[in-house]
Q: 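Before I ask anything, here is the structure I am working with.
When reading the values below, keep in mind they use all heavy atoms of this one structure, side chains included, and skip hydrogens, waters and symmetry mates. Quantities reported herein were computed from a predicted structural model and do not represent experimental measurements.
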Amino acid sequence: MQRLWVNIDGDIEELCLPAEIDEVMPGVSWGRPDELFTPSFWKYQSEAQTRRNRYSHHRLGSNLLEEIAVCLLGGYGIPAEIGMAAFERLKREGMLLGDTSEPEIYAQLSQPFGMSGGTRHYRFAAQKSSYLARSLQMAKGIQANEPPRVLRHRLLELPGIGPKTASWIVRNHLNSDDVAIIDIHLHRACVMMNVFEATSDPAKEYFPLETLFLCFAEAIKVRASVLDAIIWDFMRRIGPTARKGRAHQAHQLQLAF
């Protein structure tokens, strides 16, 4: 048994975890909470952040169409701040109702965005304009309160939306723990823990990998949506450090980031 403590504004709570050599699931040991990227490390982070009421609210849009838009505008190759700036501009212009044309959306996305330190351009403006115009128009007929996996199946029929984006929309809109966003950051973390095989490929094995991650979250008793968000944010922010794996010890970073 491992004993550790969570300090939330002076309120100390004890947290007991299995021994580091015990298995969370076959082939996956708990490890130590002061060693980066172990199951114990993520369990500690999840407990600390949950007590701070962080990473528990995922919605970015006020309705399903807006959630589709913000997730389509983000994703691979698009920095989060640029995706949000694009979303806010289109929302402000009333272009997320499902009746805006591709050229109108493109005219907005192709204009530079003022950011701290200067201006930046939105990548893939033409492609995303096409996806967004068609997807929002088609999505007007989708029931927003469908069961999570039913809703995801419907979203997969929309242009430009694959399993990762569809899962992102569902997780955010329904606050669901029935799906997971298997992106490069989550995949890397799960490979480090041996939850995923190093040769696994989310592009080809998305749903089997999702099942493994959901089983892992259940095994460490953390909501999948919360664990997903914490891992994504942490791995994204530390960048290259994550690629070097467990050689970097937790004292180089704050445990409760």
Q: Centres of the Tyr55 and Phe234 rings: under 6.0 Å?
A: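 Tyr55 vs Phe234: aromatic centres not under 6.0 Å.
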Q: Counting distance only, does the side-chain N/O of Glu146 pair as donor-acceptor with the main-chain N or O of Val150 below 3.5 Å?
A: no
Q: I would like to know whether Cys71 and Asn172 meet side-chain contact (heavy atoms from CB on, under 4.5 Å); could you show each step before the answer?
A: CA-CA 9 Å; Cys71 293; Asn172 287 6; 4.0 Å; yes
Q: Quick one: which residue pairs count as a salt bridge (Lys or Arg N to Asp or Glu O under 4.0 Å) with a foot in residues 83-107, not counting sequence neighbours?
A: Glu66-Lys91
Q: Evaluate the side-chain contact (heavy atoms from CB on, under 4.5 Å) criterion for residues Leu60 and Phe87: first the C-alpha distance (whole Å), next the side-chain angles of each, then the deciding distance (0.1 Å), finally the verdict.
A: CA-CA 10 Å; Leu60 299 171; Phe87 167 72; 5.5 Å; no
Q: Quick one: sort the Phe41 and Phe37 rings into parallel, tilted or perpendicular, breaks at 30° and 60°.
A: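 If you compare the ring of Phe41 with that of Phe37, the planes turn out perpendicular.
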Q: Look at the side chain of Arg149 and the backbone N and O of Asp178, then say whether any donor-acceptor pair between them is shorter than 3.5 Å.
A: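 Present.
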Q: On a heavy-atom basis, which atom in Met25 and which in Leu212 lie closest, and how many Å separate them?
A: CE-O, 4.0 Å
Q: Following the transitive rule for hydrophobic clusters with a side-chain heavy-atom cut-off under 4.5 Å over Ile, Leu, Val, Met, Phe, Trp and Tyr, establish whether Ile78 and Met115 coincide in one cluster.
A: yes
Q: Applying salt bridge (Lys or Arg N to Asp or Glu O under 4.0 Å), which residue pairs with at least one partner in residues 76-85 are found, sequence neighbours left out?
A: Glu81-Arg120
Q: Under the salt bridge (Lys or Arg N to Asp or Glu O under 4.0 Å) rule, what do Arg152 and Glu157 come out as? Steps first, then yes or no, please.
A: CA-CA 9 Å; Arg152 181 169 67 180; Glu157 300 172 353; over 6 Å; no
Q: Within the distance-only criterion (no hydrogens, no angle test), does the side chain of Arg134 pair as donor or acceptor with the backbone N or O of Leu158 below 3.5 angstrom?
A: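 Checking the backbone N and O of Leu158 against the side chain of Arg134, no donor-acceptor pair under 3.5 Å is found.
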Q: Drop me the distance from Leu64's CG to Arg154's CZ, to the nearest 0.5 angstrom.
A: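 Going from CG on Leu64 over to CZ on Arg154, the span is 10.0 Å.
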Q: Any side-chain heavy atom of Ser225 within less than 4.5 Å of one from Asp177?
A: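 In short, these two side chains touch, coming nearer than 4.5 Å.
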Q: Can you check whether Tyr106 reaches Lys128 side chain to side chain, under 4.5 Å on heavy atoms?
A: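 Side chain of Tyr106 against side chain of Lys128, heavy atoms only: no contact under 4.5 Å found.
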Q: I want to check something: taking the side chain as every heavy atom from C-beta on, are Pro33 and Gln2 in contact at a cut-off of under 4.5 Å?
A: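 Counting from C-beta outward, Pro33 and Gln2 do come under 4.5 Å.
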Q: Do Met84 and Leu132 share a hydrophobic cluster (ILVMFWY, side-chain heavy atoms under 4.5 Å, transitive)?
A: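 Same hydrophobic cluster.
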Q: Would you give the length of the straight line joining atom CG of Leu209 to atom NZ of Lys204, rounded to the nearest 0.5 angstrom?
A: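 Reported value, rounded in 0.5 Å steps: 12.5 Å.
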Q: Report the residues that fulfil side-chain hydrogen bond (donor to acceptor under 3.5 Å, both in side chains) with Arg32, sequence neighbours left out, ordered by chain and then residue number.
A: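 Testing Arg32 for side-chain hydrogen bond (donor to acceptor under 3.5 Å, both in side chains), a comparison that skips the adjacent residues, returns Asp34.
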Q: Donor-acceptor pair, Glu210 side chain versus Ala180 backbone, under 3.5 Å?
A: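 Yes, because the side chain of Glu210 sits within donor-acceptor range (under 3.5 Å) of the backbone of Ala180.
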Q: Determine whether Ile105 and Leu97 fall in the same hydrophobic cluster, where Ile, Leu, Val, Met, Phe, Trp and Tyr are linked whenever their side-chain heavy atoms lie under 4.5 Å apart.
A: no
Q: Just grab all the ring pair (Phe, Tyr, Trp, His ring centres under 6.0 Å) pairs involving residues 117-159, residues at least two apart or on different chains.
A: none
Q: Does Glu67 come within less than 4.0 Å of Arg59, counting only side-chain N to carboxylate O?
A: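 Judged by the 4.0 Å cut-off on N to carboxylate O distance, Glu67 and Arg59 do not form a salt bridge.
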Q: Please tell me if the side chains of Leu136 and Thr100 come closer than 4.5 Å, counting only heavy atoms from C-beta onward.
A: no
Q: State, to 0.1 Å, how close Met138 and Pro159 come at their nearest heavy-atom pair, and which atoms those are.
A: SD-CD, 3.5 Å
Q: Please give me the minimum heavy-atom distance between Ala217 and Ala224, naming the atom from each residue.
A: CB-CA, 3.9 Å
Q: Quick check for you: to the nearest 0.5 Å, what is the distance between His58 atom NE2 and Leu174 atom CG?
A: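 Rounded to the nearest 0.5 Å, the NE2-CG separation comes to 11.5 Å.
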Q: For Trp42 versus Met235, what's the shortest heavy-atom pair and its separation?
A: CZ2-SD, 3.9 Å
Q: Output the distance between atom CZ (Arg54) and atom OG (Ser56), rounded to the nearest 0.5 Å.
A: 11.0 Å
Q: Closest heavy-atom contact between Ser46 and Leu227?
A: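 So the two residues come closest at OG-CD1, 3.5 Å.
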Q: Determine whether Val179 and Ile230 fall in the same hydrophobic cluster, where Ile, Leu, Val, Met, Phe, Trp and Tyr are linked whenever their side-chain heavy atoms lie under 4.5 Å apart.
A: no
Q: Look at the aromatic rings of Trp232 and His185 and report parallel, tilted or perpendicular, splitting at 30° and 60°.
A: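 If you compare the ring of Trp232 with that of His185, the planes turn out perpendicular.
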Q: Among residues at least two apart in sequence or on other chains, which ones pass ring-ring contact (aromatic ring centres under 6.0 Å, His included) with Phe196?
A: His187
Q: Taking all non-hydrogen atoms of both residues into account, name the closest pair between Ala166 and Leu156 and its distance.
A: CB-CD2, 3.9 Å
Q: Set out, in order, the CA-CA distance, both residues' side-chain angles and the distance that settles side-chain contact (heavy atoms from CB on, under 4.5 Å) for Val6 and Tyr44, then state yes or no.
A: CA-CA 8 Å; Val6 180; Tyr44 178 88; 3.9 Å; yes
Q: Heavy atoms, side chains only, cut-off 4.5 Å: are Val70 and Ile169 in contact?
A: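 No - every pair of side-chain heavy atoms lies 4.5 Å or more apart.
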Q: Find out if a path of hydrophobic residues (ILVMFWY) with successive side-chain heavy-atom gaps under 4.5 Å connects Tyr206 to Ile161.
A: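 No, Tyr206 and Ile161 fall in different hydrophobic clusters.
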Q: Can you tell me how far CD of Glu205 sits from CD1 of Ile182, rounded to the nearest 0.5 angstrom?
A: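 One gets 11.5 Å once the value is rounded to the nearest 0.5 Å.
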Q: Kindly indicate whether the side chain of Leu186, heavy atoms from C-beta on, has any atom under 4.5 Å from the side chain of Ile181.
A: no
Q: With Val24 as reference, evaluate Cys215, Ser40, Pro39 under the side-chain contact (heavy atoms from CB on, under 4.5 Å) test and give the passing residue.
A: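 That would be Pro39; it is the only one of Cys215, Ser40, Pro39 passing the side-chain contact (heavy atoms from CB on, under 4.5 Å) with Val24.
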Q: Are there over 12 heavy-atom neighbours, none belonging to Glu23, within less than 6.0 Å of that residue's CD?
A: yes
Q: So, do Leu72 and Ser135 sit near enough that their side-chain heavy atoms are less than 4.5 Å apart?
A: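 Answer yes - side chains close enough.
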Q: Would you find a donor on one side and an acceptor on the other, under 3.5 Å apart, between the side chain of Arg188 and the backbone of Ile184?
A: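 Judged by distance alone, no pair lies under 3.5 Å.
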Q: Closer than 3.5 angstrom, by distance alone: can the side chain of Thr38 be matched with the main-chain N or O of Glu35 as a donor-acceptor pair?
A: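 At least one qualifying donor-acceptor pair exists.
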Q: Suppose we screen for side-chain hydrogen bond (donor to acceptor under 3.5 Å, both in side chains). Which residues come up paired with Thr211, at least two apart in sequence or across chains?
A: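 Residues passing side-chain hydrogen bond (donor to acceptor under 3.5 Å, both in side chains) with Thr211: none at all.
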Q: Report yes if some heavy atom in the side chain of Leu96 is under 4.5 Å from a heavy atom in the side chain of Leu65; otherwise report no.
A: no
Q: Would one find more than 12 heavy atoms of other residues, nucleotides or ligands at under 6.0 Å from atom CD of Gln143?
A: no
Q: Determine yes or no for a side-chain-to-main-chain donor-acceptor pair under 3.5 angstrom, with Glu218 supplying the side chain and Leu214 the backbone.
A: no
Q: Counting only heavy atoms not in Ile21 (residues, nucleotides, ligands), do more than 12 fall under 6.0 Å from its CD1?
A: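 No, CD1 of Ile21 has 12 or fewer neighbouring heavy atoms, counting only those of other groups under 6.0 Å.
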Q: Stepwise, does the salt bridge (Lys or Arg N to Asp or Glu O under 4.0 Å) test hold for Lys164 with Asp183?
A: CA-CA 7 Å; Lys164 182 180 71 175; Asp183 69 350; 5.8 Å; no
